[in-house]
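Contents: one structure, followed by commentary.
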Amino acid sequence: MTQGVPVPPPLARVAERLDVPLDELAALQGCEPADLEALDTAIAMAQHAEDLEVRRSMRDAVRFVPAPLRRRVAAALFPDEEPADARRDGDGDGDGDGEPEARAEGA
């Protein structure tokens, strides 16, 4: 951008959000601050929606991992979340029946 020309704060946020140099958004410098705020909000909402879709897709993909490895893969991908199969299962063993596993004799 031209030295000495004030940069509207919303434009700086848009550049930061898009991870691009402010110079690449020079064409937007003449826009009204309210319009830049709306653009910043729209970009933030689109990025959030994309993040949610990626997480949902990753959760869906975990279903295709063989059962013995599924919990470990889910824990590696989503370390802050309780495993989805434990939430759905109710008893935490991940088999989907809601009943605790019966212990074998002598175990």
query = Got a second to check how far Asp35's CG is from Leu11's CG, nearest 0.5 Å?
reply = 12.0 Å
task = Determine, using the 4.5 Å side-chain heavy-atom cutoff (strictly less than), whether Leu77 and Val54 are members of one ILVMFWY cluster.
result = yes
inquiry  = Tell me the closest heavy-atom pair linking Leu22 and Ala15, and the distance in Å.
reply    = CD1-CB, 3.6 Å
ask   = What residues form a side-chain contact (heavy atoms from CB on, under 4.5 Å) with Val65, not counting sequence neighbours?
value = Leu69, Val73
request  = Would you verify whether the NZ or CZ of Arg55 falls within 45 degrees of the ring axis of Phe78 while also being under 6.0 Å from that six-membered ring's centre?
outcome  = no
request  = State which residues pass side-chain contact (heavy atoms from CB on, under 4.5 Å) with Arg17; sequence neighbours excluded, sorted by chain then number.
outcome  = Asp40, Ile43, Ala44, Gln47
task = Write down the atom of Leu36, the atom of Leu28, and the distance for their closest heavy-atom approach.
result = CD2-O, 4.0 Å
ask   = So, for Val62 and Ala74, which heavy atoms are closest and what is the spacing to 0.1 Å?
value = CG1-CB, 4.1 Å
key: Euclidean distance, Leu18 CG relative to Glu24 CD, rounded to 0.5 Å   = 9.5 Å
ILVMFWY cluster membership beyond Phe64 - transitive side-chain contacts under 4.5 angstrom = none
request  = Answer whether the closest heavy-atom distance between the side chains of Glu37 and Glu32 falls below 4.5 Å.
outcome  = no
task = Go through the structure and list residues passing side-chain contact (heavy atoms from CB on, under 4.5 Å) with Glu53, not counting sequence neighbours.
result = Arg56, Ser57
In one Ile/Leu/Val/Met/Phe/Trp/Tyr side-chain cluster, 4.5 Å: Val14, Met45 = no
request  = State, to 0.1 Å, how close Pro10 and Pro33 come at their nearest heavy-atom pair, and which atoms those are.
outcome  = CG-O, 3.8 Å
